[in-house]
Peer 1: 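I have a structure I would like to understand better, so I am pasting it below and will then ask my questions one at a time.
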2 protein chains.
Amino acid sequence: MDGRQGGGREPRTPMRADARRSVDALVEGARAVFARDGVDAHVKAIALQAGVGVATLYRHFPRRSDLILAVLESDVDACVEAAHELAAAHPPMDALDLWLDRYCAFVLTKHGLAAALHSDAETFAGLGEQLLERLEPALDALLQATRAAGMTTDAASAMDLLRAVAHLCTPGPAHAAYTRRMIGLLLAGLRYGPLPRPRRTSP
Amino acid sequence: MDGRQGGGREPRTPMRADARRSVDALVEGARAVFARDGVDAHVKAIALQAGVGVATLYRHFPRRSDLILAVLESDVDACVEAAHELAAAHPPMDALDLWLDRYCAFVLTKHGLAAALHSDAETFAGLGEQLLERLEPALDALLQATRAAGMTTDAASAMDLLRAVAHLCTPGPAHAAYTRRMIGLLLAGLRYGPLPRPRRTSP
DNA sequence: CGACGAAATGGAATCGGATTCCACATAGCG
DNA sequence: CGCTATGTGGAATCCGATTCCATTTCGTCG
């Protein structure tokens with residue numbers, strides 16, 4: 001990755017004003033086009049929507065995944081903030097549950113992009129990790145609170161849960177109810193701890 | 001879908017012998033190439049491996065997903081059989097747990113293909129449903145047994161679980177331990193039932 | 001304030017691979 | 001054995017991603 005504008009906060013070389021304008025337009029355009037056409041939207045459509053040429057797109061986002069990542073980052077930040085607010089406004093277990101709901105809604109909305117996060121191709125390798133790592137401290141704080149209250153076991157880490165929910169959410173918005181039910185089950189498992197595994201008797 | 005060779009068992013018009021040979025070669029070739037190059041393998045590579053022309057490939061499998069589906073079907077059948085064997089050899093809860101393990105291993109092995117199952121594109125729409133529907137009665141039998149023994153609630157159906165595990169497995173073989181842990185949690189949730197949801201206090 | 005060099009830009013050119021087309025081959029049948 | 005519908009290979013076509021480069025614009029420094 002270039003690291004100049006996608007993930008990094010502090011560009012070493014101050015970016016030229018027109019370049020910053022292009023990047024912003026591109027991210028906004030990509031958000032709109034991804035929402036309309038899905039994650040496999042044509043590169044040209046994004047450039048058109050942003051009002052720039054394709055070369056400009058490629059200059060700033062050499063790989064498609066860079067663009068996806070950029071689009072997702074602002075949503076992630078909103079999720080992090082929601083965690084703090086919920087923690088302040090609710091008892092630990094409720095805050096945890098409600099935040100998972102919030103996170104789930106985020107992944108559901110962006111499910112097309114989220115699917116790309118764990119595509120098998122190298123194109124997307126490690127793309128999602130960066131997002132999850134940003135989310136991790138927020139969820140970890142919620143979890144620490146429920147653990148301190150004796151409401152959950154440590155059978156799964158914050159990262160574990162983040163991944164699990166992200167995966168559970170991939171089927172798409174039509175299955176929102178299903179997803180929420182599965183997350184509820186997962187949470188109950190976390191509450192009571194895993195079952196003892198059976199001993200294998202035959203191979 | 002064509003329905004002549006992919007999913008259907010009984011072709012209405014008896015297929016010509018050379019055509020059947022092509023189909024078999026294609027499926028075997030695709031299995032090999034997918035395993036080597038991943039689900040995005042070049043169409044040409046598959047045709048080459050099968051020793052046929054690309055037109056032949058397209059004639060029998062107009063869409064890529066048809067080929068993927070064909071490759072997966074035999075593995076699914078093995079899973080169904082395993083369910084029956086485990087049910088006969090173990091107590092209900094153990095059989096369920098062990099079978100989920102088996103199913104998880106299957107999805108993990110074919111995770112590249114499994115990822116395609118819930119891709120957002122229409123290309124793959126409904127592709128996985130067919131497989132899950134074949135698996136569903138097998139798991140349902142296992143679940144009925146655990147329910148009869150009072151070991152699980154009906155908080156999730158067989159189909160629910162099938163989907164959940166399939167999704168949980170998508171990260172890939174490297175995360176096998178993680179996946180198994182999450183499934184354990186899910187199972188514990190199923191054992192004890194979901195937690196009551198908190199009432200929403202602020203929007 | 002007004003050049004000048006580096007960075008950025010747009011659109012045309014290129015490239016790669018999926019999909020389609022069609023003239024030829026062969027199985028299955030009388 | 002010959003006839004017809006079905007199946008086949010590979011060449012032709014099409015489509016979109018990626019790269020290239022002549023031109024424009026920014027930001028700075030004299």
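Chain letters run A, B, ... following the sequence lines, proteins first and then strands; every chain starts at 1. From a predicted model like this one, the values you see are computed outputs, not experimental measurements. Only heavy atoms go into these numbers, but all of them, side chains included; no hydrogens, no water, no symmetry mates.
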Peer 1: Output yes when at least one side-chain N/O atom of Ser22(B) is less than 4.0 Å from OP1 or OP2 of dT8(D), else no.
Peer 2: yes
Peer 1: Are His60(A) and dT9(C) close enough that a side-chain N or O sits under 4.0 Å from OP1 or OP2?
Peer 2: yes
Peer 1: Tell me: CG of Leu48(A) to P of dA17(D), nearest whole Å?
Peer 2: 13 Å
Peer 1: Is Arg147(A) salt-bridged to Asp154(A), cutoff N-O under 4.0 Å?
Peer 2: no
Peer 1: I need the CD1-P distance between Ile46(A) and dG10(C), as an integer number of Å.
Peer 2: 15 Å
Peer 1: In whole angstrom, what separates Lys44(A)'s NZ from dG11(C)'s C1'?
Peer 2: 9 Å
Peer 1: Compare all side-chain heavy atoms of Leu135(A) with those of Cys79(A) and state whether any distance is below 4.5 angstrom.
Peer 2: yes
Peer 1: Under 4.0 Å between a Lys/Arg side-chain N and an Asp/Glu carboxylate O for Arg63(B) and Asp66(B)?
Peer 2: yes
Peer 1: Tell me the interatomic distance from Arg59(B), atom CZ, to dG10(D), atom P, rounded to whole angstroms.
Peer 2: 16 Å
Peer 1: Would you say that Met93(A) contacts Thr152(A) through its side chain, given a criterion of any heavy-atom pair below 4.5 Å between the two side chains?
Peer 2: yes
Peer 1: Could you tell me the separation between the CG atom of Leu57(B) and the C1' atom of dA11(D), rounded to a whole number of Å?
Peer 2: 17 Å
Peer 1: In the 5'-to-3' direction, what one-character label does each nucleotide of nucleotides 19-30 of chain C receive under the scheme B = base within less than 4.0 Å of a protein heavy atom, S = sugar-phosphate only, - = no such atom?
Peer 2: BBB----BSS--
Peer 1: With a cut-off of less than 4.0 Å, is there a side-chain N or O of Thr56(A) near OP1 or OP2 of dA8(C)?
Peer 2: no
Peer 1: Is it true that Arg31(A) and Asp75(A) have a side-chain N and a carboxylate O under 4.0 angstrom from each other?
Peer 2: yes
Peer 1: Taking only Lys NZ, Arg NE, NH1 and NH2, and the carboxylate oxygens of Asp or Glu, determine whether Asp160(B) and Arg181(A) approach each other closer than 4.0 Å.
Peer 2: yes
Peer 1: When the distance from NE2 of His42(A) to P of dG16(D) is rounded to whole Å, what number comes out?
Peer 2: 5 Å
Peer 1: Would you kindly give the CZ-to-C1' distance between Arg20(B) and dT6(D), to the nearest whole Å?
Peer 2: 15 Å
